[in-house]
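We count ligands from 1, going down the list as the structure has it; atoms in each ligand are counted the same way. Not measured: the values here are computed from a predicted model. Just so you know, residue 1 is the first one in the sequence shown, and it goes up from there.
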Amino acid sequence: MKERGLLIVLSGPSGVGKGTVRKAIFSQNDTDFQYSISMTTRKPREGEVDGVDYFFKSKEEFEQLIKEERLLEWAEFVGNYYGTPIDYVEKTLSEGRDVFLEIEVQGALQVRKAFPEGLFIFLMPPSLSELKNRIVTRGTETQDIINNRMKVAKEEIEMMDAYDYVVENDHVDLACGRIRAIVTAEHCRRDRIALRYKKMLEVE
Ligand SMILES: Nc1nc2c(ncn2[C@@H]2O[C@H](COP(=O)(O)OP(=O)(O)O)[C@@H](O)[C@H]2O)c(=O)[nH]1
Ligand SMILES: Nc1ncnc2c1ncn2[C@@H]1O[C@H](COP(=O)(O)OP(=O)(O)O)[C@@H](O)[C@H]1O
């Protein structure tokens, strides 16, 4: 039987650079994690493509998915729903492939309950002023939303104890390197109990 893949969860406050770091990780050719595309009721931003960046859903469609228990986790974040389709995650892990989720903090805490064996990484800004700077320079949000996101960000940073690792996103390349190193180390740690190595001993 194939061993299950590793569920990797990258979370952290809005604007810290989760999307940027995730895209940088997946742009590297030797990345062999599978990205789980989320569902959202948020309107697409310019350049975003349905089925690539998100599966864009109406509020009614999303509520139906919740009712049918087709989401591993979901959260309402600054006025929109976001959620992870459960079928893709289960299928991919059972094929022995690693799944990578990039989600906000409430959702990550739900996943921790469902998958305590997952690898939970909190992406940390170098400072709160740098976090605000990143949200402002991205230019996708109004002043009201920025203030709201900063308030939520402080509450989210308080939740970092629930994670296995904290990675500072000072420079995108450095943050990616740290995440890849953590995943590699986690695989090596789990290899201690891996069936394929135990089986080696059975061969005369
Ligand atoms: N709980 C949960 N959060 C998600 C999911 N997909 C994306 N998010 C998070 O929702 C938040 C808002 O995402 P988005 O509107 O794309 O804005 P941005 O990430 O700040 O550019 C971010 O913190 C995302 O990481 C999901 O499936 N579940
Ligand atoms: N290490 C970094 N240094 C400087 N700017 C960054 C860094 N990482 C991300 N950014 C910028 O910060 C803004 C927010 O990043 P984004 O990936 O959208 O955050 P999140 O997905 O966590 O909300 C973007 O304008 C992005 O280019």
- Message: I'd like to know whether ligand 1 has Gly19 as a neighbour, heavy-atom separation below 4.0 Å.
- Response: no
- Query: Which of the atoms of ligand 2 are close to Ser14, meaning less than 4.0 Å from one of its heavy atoms?
  - Reply: 23 (O)
- Message: List ligand 1 atoms under 4.0 Å from Ala75, heavy atoms only on the residue side.
- Response: 1 (N)
- Note on the structure: Check: of Arg45, Glu76, Glu102, min heavy-atom distance to atom 24 (C) of ligand 1 comes from Glu102
- Task: From the options Val9, Leu72, Leu101, select the one residue that forms a side-chain contact (heavy atoms from CB on, under 4.5 Å) with Phe115.
- Result: Leu72
- Item | Best match, Tyr54, Phe55, Phe77: closest heavy atom to atom 14 (P) of ligand 1 | Tyr54
- Residue Asp170 vicinity, atoms of ligand 2 by number, heavy atom under 4.0 Å: 1 (N), 2 (C), 3 (N)
- Message: If the cut-off is 4.0 Å to any non-hydrogen atom of Ser14, which atoms of ligand 1 fall inside it?
- Response: 20 (O)
- When you check the gap from the basic side-chain N to the acidic O, do Arg149 and Glu104 get nearer than 4.0 Å? no
- Message: So for Ile135, does at least one of its heavy atoms come nearer than 4.0 angstrom to any atom of ligand 2?
- Response: no
- Message: Could you tell me if Ser127 and Ser129 have a donor-acceptor pair between their side chains, going purely by distance under 3.5 Å?
- Response: yes
- Count the heavy atoms belonging to other residues, nucleotides or ligands that lie under 6.0 Å from CZ of Arg192, then report whether that count exceeds 12. no
- Item | Residue pairs, two or more places apart or on separate chains, that pass ring-ring contact (aromatic ring centres under 6.0 Å, His included) and touch residues 166-187 | none
- ligand 1 atoms in contact with Gly107 (distance to a heavy atom under 4.0 Å): 1 (N)
- Check: of Leu109, Ile103, Ile37, Thr20, min heavy-atom distance to atom 26 (C) of ligand 1 comes from Ile103
- Query: Between Gln34 and Thr92, is any side-chain donor less than 3.5 angstrom from a side-chain acceptor?
  - Reply: no
- Can you pull out the closest protein heavy atom to atom 1 (N) of ligand 2? Residue, atom name and distance to 0.1 Å, please. Asn169 OD1, 2.9 Å
- Message: With a 6.0 Å cut-off (strictly less than), is the heavy-atom count around NZ of Lys132, excluding the residue itself, greater than 12?
- Response: no
- Message: Please state which option from Ser11, Gly17, Gly12, Pro13 has its nearest heavy atom closest to atom 19 (O) of ligand 2.
- Response: Gly17
- Around atom CZ of Arg70, are there more than 12 heavy atoms of other residues, nucleotides or ligands at under 6.0 Å? no
- Query: Looking only at non-hydrogen atoms, which of Arg149, Glu156, Lys18, Arg42 approaches atom 23 (O) of ligand 1 most closely?
  - Reply: Lys18
- Note on the structure: Taking only non-hydrogen atoms of Gly83 and a 4.0 Å limit, the atoms of ligand 1 in range are 26 (C), 27 (O), 28 (N)
- Task: Determine which pairs satisfy salt bridge (charged side-chain N to carboxylate O under 4.0 Å, His left out) with at least one residue from residues 17-26, sequence neighbours left out, and list them in order.
- Result: Arg22-Glu102
- Chi angles and distances behind the side-chain contact (heavy atoms from CB on, under 4.5 Å) call for Val99, Ile8: CA-CA 6 Å; Val99 175; Ile8 305 154; over 6 Å; no
- Ser38, Gly15, Ala153: member with heavy atom nearest to atom 5 (C) of ligand 1: Ser38
- Query: Which one holds for Glu73 and ligand 1: side chain close, backbone close, both close, or neither close, with close meaning a heavy atom under 4.0 Å?
  - Reply: side chain
